[in-house]
Amino acid sequence: MNSSDFILAKDSHTSKEKNCGKAITSVVVIDGKNYFKKQLAESCKNDLRHRMAMYKEFDAGRQISSPHIVKYVGINEDEQGLYVLMEHINGMSMAEKMETEPAYFRNQRNTVKMLKQLLEALKALHSKNIAYLDLKPENIMLTQISNDVKLTDLGGCFADCNDYTAESTHKYAAPELIEERLDDVDARTDIYGIGKLLEYIEQKTEKKLPKHLSNIMKHCLHEDKAKRYATADEVIKALNRRDKIAMTILLTITILSAALYGWKQFEGTEEHRLLVLEMRKDATIDGIHYKITSEDNATCMVIGAQMGKEVTTDFINLYIRDSIKIDGKTYHTTEIEDCAFKENMIAITSAFLPNSLGRIGEEAFLGCTQLTNLSIPEGMTKTEFASFKRTGIKNVLLSKNLEIVGHASFAECCNLKTIHIPEGVVLLELDAFACCFNLTGVSMPSTLKEISRGVFWECKSLKEIDIPANVTTIGEYAFYRCDSLKDVYNYSIEPQTVSVIFNRKDINIHVPAASVDKYRKAHHWKEMNIIGDL
């Protein structure tokens, strides 16, 4: 859904509203589909801090791909002010659930399920250097059908690029937040919030937590941050410990039963196959680690290399196989895991990526500064967040089946001079080529519909660019600080609705001759030198 559709929100029927003072959240219908529309309240709509928080919330939300965090669809502005659109969730908050169905949280399984899903959401945020900070029952949605967690309201989160708008709720805040020690914020600040939620469940249900949950709560709530769990993974492991003990007992019983039954007979059973897979589910071939992702589909993923930061010349040319064999069975390589070669594989100068790959994970090659040549496999339709950010890429051949160039996929690739974006691509996501300081030439396809916020931000060597006729949306700061930009050839008959996409007024905007008057009247475009020579 592109941002040209967002304008329709102002004409949509509002089914309900929730006013939290700073923002009003309503349900709107666009093209027959429900969305949450969160809009700054009248008293805050021109306040810089609240506007920054709204932009930060959208930017943070668009970075995260987690089933347990609400999806952010778009950000726009109408006569009522700035707003974001999010996926609509049928359900209620944890606080509402506690009021209407307190018995739900008296069931230990339900509590553990919610905690695990919430911790997975925090893991996704922490992996992007974002701390949530405002964990409280009102911000945790539970879906109507399956009671799955959807974490909402990222407006108060702490992000590297914007800590000015970080905020929390005193009742649930960690000591470092109450004492306003933002320099001391990290993943353990959110871990404290997990402890406060367990405390809330115990108080509201008027039922003592089981001993292992009570111990987890105490561990989370240490005043001394160093004595809390360090990561969300550590809490998940603590929650899973009982399950692992039960699995160990089960495996022991299985092995003893096999010994009694006869090993030869046991070898041919399904129980033996599952036991082997449990004990040996990874393979290392030519120094590359592969992990089985599906037995039924016979697929595997690359999760990294054999060595860490001390890389030998064996890995200057990275060769990833399209298939591997484990115990005589062939598994096809379909994915590279998130962060698989991130920064610790700086000696990679080239990478062979097979066409069997359908996904190269987020930040998979981030910081591989010696990686200079690359071909994106034809099995891929999207590049993921920061997958090739800050690499040494000079030449890249994009997949002919590509549809989306993802968020910051090629940002800060300072050796990249030209890029050909193939036909079929419809969307360039946030910061896709931002800070490619030496980029001089860009070829964009006729299929392109949206250039998102900051796509060519600070591409200081870019002198001219063509905007295809089908582009209906150009995000804020798309060509900001492009210091060498002189000519923009915009083939769209109708001027795109834009806010601020250039930081200079001496740029020649070449447009269709019949559209000159429209561009000379359109917001922001009219500030440029409009030339009707197309």
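Keep in mind that this is a model prediction, so the values were computed, not measured. Counting begins at 1 with the first residue of the sequence.
With hydrogens and angles ignored, the 3.5 Å screen pairs no side-chain donor or acceptor of E120 with any backbone N or O of K116. Within the 3.5 Å criterion, the main-chain N or O of G155 finds a donor-acceptor partner in the side chain of K56. Looking at S66, its side chain never comes within 3.5 Å of a backbone N or O of A121 through a donor-acceptor pair. Side-chain atoms of S375 never come within 3.5 Å of backbone atoms of L397 as a donor-acceptor pair (strictly under, hydrogens ignored). At distances below 3.5 Å, at least one donor-acceptor pair connects side-chain atoms of T231 with backbone N or O atoms of E234. In this structure, Q370 contributes its side chain and I348 its backbone to no donor-acceptor pair below 3.5 Å. In this structure a side-chain-to-backbone donor-acceptor pair under 3.5 Å is present from D190 to L133.
Annotation: salt bridge (Lys or Arg N to Asp or Glu O under 4.0 Å) contacts of E87 (sequence neighbours excluded): K150. For D466, there are no salt bridge (Lys or Arg N to Asp or Glu O under 4.0 Å) partners two or more places apart in sequence or in a different chain. Every residue two or more places apart in sequence or in another chain that forms a salt bridge (Lys or Arg N to Asp or Glu O under 4.0 Å) with D233 is listed here: K123.
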**OP:** Begin from the C-alpha positions of L485 and F502 and carry the test side-chain contact (heavy atoms from CB on, under 4.5 Å) through to its verdict.
**Re:** CA-CA 9 Å; L485 190 62; F502 307 104; 4.0 Å; yes
Subject >> K38 vs E57, salt bridge (charged side-chain N to carboxylate O under 4.0 Å, His left out): CA-CA, chis, key distance, verdict >> reply: CA-CA 11 Å; K38 180 179 178 181; E57 177 173 4; 2.9 Å; yes
Subject >> Trace of the side-chain contact (heavy atoms from CB on, under 4.5 Å) decision for Y229 with I236 >> reply: CA-CA 10 Å; Y229 295 105; I236 292 171; over 6 Å; no
Subject >> Test log, rule side-chain contact (heavy atoms from CB on, under 4.5 Å), inputs T333 and Y290 >> reply: CA-CA 8 Å; T333 311; Y290 296 83; 3.8 Å; yes
**OP:** Go through the steps to decide whether Y83 and I75 satisfy the test side-chain contact (heavy atoms from CB on, under 4.5 Å), and finish with yes or no.
**Re:** CA-CA 6 Å; Y83 67 87; I75 188 165; over 6 Å; no
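Atoms CG and CG, from N508 and D487 in turn, are 4.5 Å apart once rounded to the nearest 0.5 Å. Interatomic distance, NZ of K449 versus CG of N470, reported as 7.5 Å (0.5 Å rounding). Rounding to the nearest 0.5 angstrom, the gap separating the CD1 atom in I191 from the CG atom in L122 is 6.5 Å. Rounding to the nearest 0.5 Å places CD1 of I467 at 9.5 Å from CG of L448. With rounding to the nearest 0.5 Å, the separation of CE in M301 from CD1 in I360 is 12.0 Å. Residue I507 holds its CD1 atom at 11.0 Å from CD1 of I465, rounded to the nearest 0.5 Å.
Looking only at side-chain heavy atoms (C-beta outward), L239 and L119 come within less than 4.5 Å of each other. Looking only at side-chain heavy atoms (C-beta outward), I404 and T381 stay at 4.5 Å or farther from each other. Residues N297 and T334 form no side-chain contact, since every pair of their non-hydrogen atoms from C-beta on lies 4.5 Å or further apart. By the 4.5 Å heavy-atom criterion applied to side chains, E412 and C436 are not counted as neighbours. The closest side-chain heavy-atom distance from T391 to T369 is not below 4.5 Å. Residues I501 and H524 are in side-chain contact: their nearest non-hydrogen atoms beyond the backbone lie under 4.5 Å apart. Between N415 and I393 there is no side-chain heavy-atom pair separated by less than 4.5 Å. Annotation: side chain of W525 is in contact with side chain of I509 (closest heavy-atom distance under 4.5 Å).
Residues H332 and D322 have side chains that never bring a donor and an acceptor to within less than 3.5 angstrom of each other. With no hydrogens or angles considered, no side-chain donor-acceptor pair links D59 and Y72 at under 3.5 Å. When only modelled atom types and interatomic distance are considered, T440 and S461 share no side-chain donor-acceptor pair under 3.5 Å. For the residue pair N490 / H510, no side-chain donor-acceptor distance below 3.5 Å is found, with atom types taken as modelled.
Applying the ring-ring contact (aromatic ring centres under 6.0 Å, His included) rule to pairs touching residues 440-478 yields F433-F456, F456-F479, W457-Y477, W457-Y480, Y477-Y480, sequence neighbours excluded. Sorted by first and then second residue, the ring-ring contact (aromatic ring centres under 6.0 Å, His included) pairs involving residues 412-431 (not counting sequence neighbours) form an empty list. The list of salt bridge (charged side-chain N to carboxylate O under 4.0 Å, His left out) pairs with a residue in residues 359-371, not counting sequence neighbours, reads K128-E362, E335-R359, D338-R359, K342-E363, R359-E384.
Under 4.0 Å is where a charged nitrogen must lie from a carboxylate oxygen, and between R504 and D483 no such pair does. With salt bridges taken as basic N to acidic carboxylate O contacts below 4.0 Å, one links D186 and K225. Classification of D31 and K33 as a salt-bridged pair fails, no side-chain N sitting under 4.0 Å from a carboxylate O. Under the 4.0 Å criterion applied to side-chain N and carboxylate O atoms, E337 and K291 are not assigned as salt-bridge partners.
Here the closest heavy-atom approach between residue T383 and residue S409 is recorded as OG1-OG, 2.8 Å. Taking all atoms of both residues into account, the shortest heavy-atom contact from N139 to L151 is O-CD1, 3.7 Å. Minimum heavy-atom separation, V396 to F410: CG2-CE2, 4.1 Å. The shortest non-hydrogen separation linking R62 to V73 is NH1-O, 3.4 Å. For the residue pair H407 and L430, the shortest heavy atom distance occurs at CD2-O, 2.9 Å. Summarising the geometry of I69 relative to A124, their closest heavy-atom pair is CD1-CB, 4.4 Å, with the distance given to 0.1 Å.
Within a 6.0 Å sphere centred on NZ of K460, heavy atoms belonging to other residues, nucleotides or ligands number more than 12. Shown here is K394, whose NZ atom has no more than 12 heavy atoms of other residues, nucleotides or ligands within 6.0 Å.
Using cut-offs of 30° and 60° on the angle between ring planes, the pair F352 and Y319 is parallel.
When ring centroids are compared, H88 and Y35 stay outside the 6.0 Å threshold.
When each of T299, I326, T293 is tested with Y331 by the rule side chain to side chain contact (heavy atoms under 4.5 Å, CB included), just one qualifies, namely I326.
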